[in-house]
2 protein chains.
Amino acid sequence: MNTNFDLENFILDFSNSCQKKQKKVFSKNEVVTTYIKNRNQLCILLDGHADLVRYDLNGNRTIVEHFSKNALFGEVFYTITTNNELLVEAKSNCTVLFYIYDDIFHKCKNNCKFHQTLSENLPQLILNKVTDLNMRIELLTKRSTRDKLLGYFSLLSTRKLSTSFELPFSLTDLADYLSVDRSAMMRELKLLKEDGFIEKVGNRIILLYK
Amino acid sequence: MNTNFDLENFILDFSNSCQKKQKKVFSKNEVVTTYIKNRNQLCILLDGHADLVRYDLNGNRTIVEHFSKNALFGEVFYTITTNNELLVEAKSNCTVLFYIYDDIFHKCKNNCKFHQTLSENLPQLILNKVTDLNMRIELLTKRSTRDKLLGYFSLLSTRKLSTSFELPFSLTDLADYLSVDRSAMMRELKLLKEDGFIEKVGNRIILLYK
DNA sequence: CATAATGTGTTGCTTTTGCAACGGAAAATA
DNA sequence: TATTTTCCGTTGCAAAAGCAACACATTATG
């Protein structure tokens with residue numbers, strides 16, 4: 001994509017200029033927002049890490065998305081079809097900007113610079129999110145736990161431009177992200193080590209194949 | 001969402017007004033586009049049905065997305081990370097508009113009405129796509145074939161506002177869409193019938209529970 | 001209309017995954 | 001630092017899903 005709007009600097013420059021937003025700070029494990037109760041919300045994660053989490057009727061926990069710096073999230077990205085509440089949980093201390101989506105979309109009355117630039121660049125920002133979601137779908141459609149793990153590792157490896165990288169999750173959370181049973185995943189990790197596909201040192205994975 | 005931009009009428013009104021697009025017609029089973037070879041492409045399906053399909057190394061076929069009238073697709077929504085080509089296959093006769101995304105984004109020089117309206121409404125269009133993808137992720141994170149089937153049926157039921165609806169897929173394709181083995185899915189369908197969750201008459205499903 | 005191609009429905013067997021449980025390591029907290 | 005909580009790593013067993021094969025139905029196609 002060519003128009004590489006620099007969200008980070010943009011936010012630094014303008015995040016204090018608009019009246020129609022809220023900026024809040026959260027500490028680890030606090031609930032940042034919920035999607036059923038907070039409609040039409042668009043949030044930007046300025047700092048920290050957070051997960052979008054769902055619990056199903058059987059008590060399974062799913063990490064629907066994992067957010068890091070500059071991630072966009074909020075109910076505007078969802079059409080809630082089930083009764084299961086979606087929670088955004090802070091995984092570390094977080095700073096979050098909250099908007100009402102319509103305010104961005106219809107521009108705020110003040111016509112502030114922040115809103116103007118944001119709405120101009122919104123297609124690109126949302127498009128980035130679409131590509132993230134498509135990567136996630138690619139992972140989830142893989143048929144076996146092994147392929148999910150290898151697919152995820154290869155993705156991290158591509159992002160870090162290195163065959164060696166830290167997992168951004170605990171292994172427990174990784175299982176919830178790949179939507180598999182934790183113990184089965186651990187078993188598969190062991191097999192991947194035994195079969196010479198990976199090495200694992202603490203939280204660091206080293207890809208050996210190819 | 002409040003801004004319900006009427007894509008259909010918009011396209012009817014303006015689809016002939018812009019020079020920077022191509023309109024093509026495809027017949028069933030033809031390849032509409034491929035994502036590795038055609039970068040920076042944004043397409044709108046004016047008519048018909050088409051699937052975005054990927055084949056993995058094991059020969060498994062996955063229906064990544066199912067497109068119907070007014071769907072947006074194209075490489076702009078993807079960051080190709082694997083070597084697996086993604087194909088859009090026409091499932092019926094299709095009419096498709098092709099754009100170069102940058103042309104939309106940077107507005108075309110002619111400043112035509114079509115481009116202007118489209119780029120104004122692009123955030124909303126892409127946002128609709130995001131909600132579709134999130135629904136797909138919700139389906140794929142379900143842990144069992146049974147839950148995937150019930151989840152998908154409940155989704156169709158919500159869309160049609162009826163507990164009785166036609167499947168938009170053949171059963172073979174449905175398995176590829178839910179990312180499960182076809183015969184295992186057939187077995188589960190039988191069990192769902194036996195357990196009184198559904199009835200199935202030809203291609204029509206009737207939800208019985210609740 | 002005959003024939004080919006594709007889709008449906010089923011089943012036995014194998015493999016993978018999930019579940020439950022546990023001990024010990026590591027990290028958080030009082 | 002003592003203690004609680006969370007996470008890691010492992011295993012036996014049960015359940016679910018995948019694979020392969022087949023017969024039959026339905027739909028395209030020459």
Side-chain angles (χ1 to χ4, degrees), chain A residues 27-30 51 53 56-63 89-93 139-151 166-195 198-205, chain B residues 27-30 51 53 56-63 89-93 139-151 166-195 198-205:
Chain A
S27 47
K28 187 173 175 175
N29 292 326
E30 276 192 282
D51 287 337
V53 176
D56 71 16
L57 299 173
N58 310 319
N60 288 317
R61 174 175 179 268
T62 301
I63 297 182
E89 296 176 347
K91 304 306 286 180
S92 64
N93 293 350
L139 270 188
L140 289 171
T141 53
K142 293 194 187 296
R143 306 300 171 99
S144 63
T145 302
R146 167 167 293 211
D147 284 347
K148 285 181 184 176
L149 283 168
L150 287 178
E166 297 284 328
L167 292 175
F169 285 125
S170 73
L171 294 177
T172 304
D173 284 356
L174 180 58
D176 290 341
Y177 183 73
L178 297 179
S179 208
V180 295
D181 177 72
R182 185 190 64 87
S183 66
M185 190 194 78
M186 296 299 286
R187 183 163 39 207
E188 201 54 46
L189 267 178
K190 194 168 70 168
L191 292 174
L192 281 172
K193 280 187 276 189
E194 286 173 15
D195 294 351
I198 63 167
E199 276 175 27
K200 180 170 175 303
V201 186
N203 215 29
R204 173 166 291 274
I205 300 286
Chain B
S27 47
K28 187 172 175 176
N29 293 325
E30 274 191 282
D51 288 338
V53 176
D56 72 14
L57 299 172
N58 310 318
N60 288 316
R61 174 175 180 269
T62 302
I63 296 181
E89 297 175 345
K91 305 305 286 180
S92 65
N93 293 350
L139 270 188
L140 290 171
T141 54
K142 293 195 186 296
R143 305 301 171 98
S144 63
T145 301
R146 167 167 293 211
D147 284 348
K148 285 182 183 176
L149 283 168
L150 288 178
E166 297 283 328
L167 293 174
F169 284 125
S170 73
L171 294 177
T172 303
D173 284 356
L174 180 58
D176 290 342
Y177 183 72
L178 298 179
S179 209
V180 295
D181 177 73
R182 185 190 65 87
S183 67
M185 188 194 80
M186 295 298 288
R187 183 163 38 207
E188 201 54 46
L189 267 178
K190 195 169 68 168
L191 291 175
L192 281 172
K193 280 186 277 188
E194 285 172 14
D195 294 351
I198 62 167
E199 276 175 26
K200 181 170 174 304
V201 185
N203 214 28
R204 173 166 292 274
I205 300 286

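Protein chains get the first letters and strands the later ones, always in sequence-line order, with residue 1 at the start of each.
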Give the angle between the helix axes at the two ends of the helix from C/dC1-D/dG30 to C/dA30-D/dT1, taking five base pairs at each end and rounding to 10°. 60°
Quick test: give all pairs of protein nitrogen or oxygen and nucleotides 27-30 of chain C nitrogen or oxygen below 3.5 Å, distance rounded to 0.1 Å.
none

Those residues at least two apart in sequence (or on a different chain) that pass side-chain contact (heavy atoms from CB on, under 4.5 Å) with A/T141 are A/I137, B/R54, B/T62, B/R136, B/L140, B/S179
Please enumerate all residues that pass side-chain contact (heavy atoms from CB on, under 4.5 Å) together with A/D173, with sequence neighbours excluded. A/D51, A/R61, A/I63, A/K91, A/F169, A/S170, A/D176
Under the side chain to side chain donor-acceptor pair (under 3.5 Å) rule, collect the residues that match up with B/T172, sequence neighbours excluded. none
Suppose we screen for side-chain contact (heavy atoms from CB on, under 4.5 Å). Which residues come up paired with B/D181, at least two apart in sequence or across chains? B/S183, B/A184
Mind calculating the distance between CD1 (B/I63) and C1' (C/dG7) to the nearest angstrom? 13 Å
For B/N93, what residues pass the side chain to side chain donor-acceptor pair (under 3.5 Å) criterion, not counting sequence neighbours? none
Using the side chain to side chain contact (heavy atoms under 4.5 Å, CB included) definition, which of the options A/L149, A/L178, A/D147 pairs with A/L139? A/L178
Show me the pairs that pass side chain to side chain donor-acceptor pair (under 3.5 Å) and involve residues 184-194 of chain A, at least two apart or across chains. A/R146-A/E188
Rounded to the Å, how far apart are A/K142 NZ and C/dT17 C1'? 18 Å
I'd like to compare against my own output: the B/S/- annotation of nucleotides 7-23 of chain D with a strict under-4.0 Å heavy-atom distance to protein. SBBBBB----BBBBB--
Are side-chain heavy atoms of A/K142 and B/D56 found at a separation under 4.5 Å? no
Sorted by chain and number, sequence neighbours left out, side chain to side chain donor-acceptor pair (under 3.5 Å) with A/E89 holds for none
Going by side chain to side chain donor-acceptor pair (under 3.5 Å), name the residues that satisfy it together with B/R204, two or more places apart in sequence or in a different chain. B/S164, B/E166
